[in-house]
Amino acid sequence: MEQTLHDRLKGNEAPFVSQFGRAAGQPQEASDSTVHQALFLANGEPVNSWVDGFAGRLAAIADNNALADDLYLSILTRRPSQEDRNDLVAYLATRPADRKGAVKDLAWALFTSSEFRFSH
Amino acid sequence: MSADPSAIDPAKTHLVKDLVHDRALVSCRFDAQGRFVFAGSEDNSVVCWDLASGAKTVLAAHDSWPHALASTPDGQTLLTGACDGRLIWWPCAAEKPSPSRTIEAHAGWVNSVAVSPDGKLIATAGNDRLVKLWSAEDGSLIQELPGHPKYVYQATFDPSGRFLASADIAGLVILWDVSVRKEARRLDAGKLSKYDQGQGVDYGGARGLAFSADGQMLFVAGLIEASNPLGAVSNPALVAIDTREGGAAPFLHRPKDDLKGVAWGVKPHPGGFLIAVTGGTGGGALLFWKPGEVNEFARVALPNTGRALDLHPDAIRVATAHHDGHVRIWSLTEKPPG
Amino acid sequence: MRCDYSCRSDEHVMNRRGFLGGVAGLGLGAASGLGSLFGRSGAASAAMADQGKQMLVVWLAGGSSQLETWDPKPGTVTGGPFRAIETSVPGVKICELLPGTAKQMHRMALVRGVNTKEDDHGKGHYLMHTGRPQTPGAEHPHLGSIAARFLNPEEGPLPGYIHITPGGGGLGGSEAAILGPKYGALYLGNGQPPNNTGRPLPPEADAARHALRRRMNDRFATRRRTAETDAYTTTYEQALQLMERREVFDVSKEPERDRDRYGSHDFGRHCLLARRLLEAGSTFVQVTHSNYDTHNENFAFHLEQLGEFDQGFSTLLDDLAQRGRLDNTLVVVMSEFGRTPSINYLYGRDHWSAAWSIALAGCGIKGGAVVGKTNDKGTEVVDRQVGAGHLFHTYLKAVGLDAKGDFLVNGRNIQVADPAASPIAELLA
């Protein structure tokens, strides 16, 4: 699962990597953390539509514990801690009429978290 | 010298005169009677050599590089235009030539000057995007001809004097009706030009312009395949344009190999072929093309990068001007033995 | 909480705020003499930052020719076909390709004795951006990153280092070197706003999920917090700030008559965007104009490029002055090097760093000053030779950053400018 996510991420980031001015001969500087990347991950269409599809499947899981397990294992490849579970349940409770929307937000937050970025 | 057409053999072209100046040259022109060859230099002067005696005179008055040279049909007067924006009249044969008239012709470089076949009109082309018509007799401005959106590089009259052709850096060619002083037609030599997005520059355009003897065809010299304008990566090329209404599409002539450089100057030869000089990282060469053939049928290497070309009225001799300060006179014939 | 780099943590910010207290609000600084009271501490730098000093760098990429700009030698064997024109400063002439800029010369200073001994594009670029030679292993921060870190207020509305480029937008971060990627450049490719600045959700919904994200990151930080994780989370906060201010990047919001004045070409638009960003409070804006690496047909290409430069730059400089901004905005026009006095067989000039020029304006730079001189052919500096280090010190001094002072990064003092060099005093009022 993780590999697929990373592959998708790489493919979609290609538009960002562009050569700067042919003749100046400046070194191409790359950085792991940039505002451009954050904007892409937060607002870019590819990420948001992926999250939408992913959440659609997960929102169907009625049991919150099972949902938390699936969510954290899929994205962070670990089981959620008790605190994680509590937070998840609390967040779902803020949007009782829109479980899918809430799950989307949870998935998105995990996907854009520093743990996802740096634990692999 | 009478020309025996059967003696013309471009492949056998050989050097007949080597005229030396101490600074790089940017242009060259025979006078219309073929007595002299003139060359503009990076030292701002125009150098004159008497072809018969070899005597060298220096015409010094411009404040910048004289790219534009043309004589009146009677060979008596030389017109010079330079990067100082001025147009100067000179007596061709004077012992100590000095300007007989100087005018501020353009706001920016004068790139080209042409004299009408009847000797009455002078046309200039400038970096101010204007073509201008002047009275040869008194130097007054007859007409400004706006229309080119970019720097105008060349101007030349057709042999009948009915039309003036001008061409710019973008490869736009405008045919002007001289009698009414208005645009007659627009023609396209855009193959010789490009805008390089990465480097942010226009490159190419008309580096030479000439009509065929019957006025039907217009030949434009320049470059193609400019993959790196600032780094001089391009191939020399010519475009042959049918000027008649509904004429054939422009025809591209190019070297048979990857010769690198620019075609500076093109002259049609009465023997039915085109001559161009090239300069650039591929070195200097004379290339000869037949109408309708993409690649040249003859090529003669030059000892130094070529910057300008003219065909002598006798149609036997060719002059080339070079960065090393030489004007070289070539004969398009086989070198006699001995 | 382990924080072994310059994290500008709440702690540090609080101390600085507490120290300045009401002083910042009074808008006091060096002019009133208080700056000298503070001596050379980092707090003094912070005080200067609250003055709102800004920087504009116009980068002529590829190496523009000093002979076709600031130090013409008409009528000589090296001079080329262009002539020199008078400027608004009697006795000072520049190339005829800069008529608009010539009228602004009384606001500008020329440094004509630059010798940087570096003819390579990449190394020259590094040298002029950091004030230090590029050596393996060493990494020094760009001028823009220094401005972003030490000049831009912590809660500044915009990224501290914005770079408007003619080509594609690039990834920023490493320009900041030891200062941390937060102070890297935000590249605006062809002056376009950053991609993806529109929210995909209504603001409250978007805010809710960002709050969720922050919670998760805070929890993770208790287990593992490094420069990298902080930089990563900070980029989201920067992203949110950018989203809020996306209109600032939209140059079409400027009046049409201004767009005509600046020129209907990319560089003109980029200069107008620079004005917009500076007026919105950007600390450091760089505009790159491409390309000047004219090994071939140097004169035709400089004619075209400088035509654009002259219109955009002179308009921008004049606008900054007319709007009262020039006193607090340092303007620098430079390249990675100059071009050879000798003209090659392609009508070109090649790389040349032994005797070239840069131009400055604003922020205490002496208008009309010319420092340094080359010989009559431009082949050698004959008076007041300076290098990249001197220039760098001068920029910092002009905006009130004493380069010899303390700049605390990672708990240690770093030298933001080459200690072997010093400011060019003749340039500073």
Subject >> From C:T222 atom OG1 to A:E83 atom CD, the distance as rounded to the nearest 0.5 Å >> reply: 7.5 Å
Original post:
Name the one of C:T229, C:D218, C:N217 that satisfies side-chain hydrogen bond (donor to acceptor under 3.5 Å, both in side chains) with A:S114?
Top reply: C:N217
Answer whether the closest heavy-atom distance between the side chains of [X] and [Y] falls below 4.5 Å.
X	Y	result
A:F118	C:T226	no
C:R224	A:S119	yes
A:E115	C:M216	no
A:L39	C:T197	yes

Original post:
Shortest non-hydrogen contact from C:L212 to A:A109?
Top reply: CG-CB, 3.9 Å
Subject >> Atom of A:S113, atom of C:Y232 and distance for their closest heavy-atom approach >> reply: O-CE2, 3.6 Å
Subject >> Residue C:A211 versus chain A: region with a heavy atom under 4.5 Å >> reply: neither
Subject >> Qualifying residue for side-chain contact (heavy atoms from CB on, under 4.5 Å) with A:T112, from C:R209, C:H210, C:R213 >> reply: C:R213
Subject >> Residue A:R78 excluded, over 12 heavy atoms near CZ under 6.0 Å >> reply: yes
Original post:
When you look at CD of C:E139, are more than 12 heavy atoms from neighbouring residues, nucleotides or ligands closer to it than 6.0 Å?
Top reply: no
Original post:
What part of A:D87 gets closer than 4.5 Å to chain C, counting heavy atoms only: side chain, backbone, both or neither?
Top reply: side chain
Subject >> C:H351: partners by ring-ring contact (aromatic ring centres under 6.0 Å, His included), with sequence neighbours left out >> reply: C:H121, C:H295, C:F337
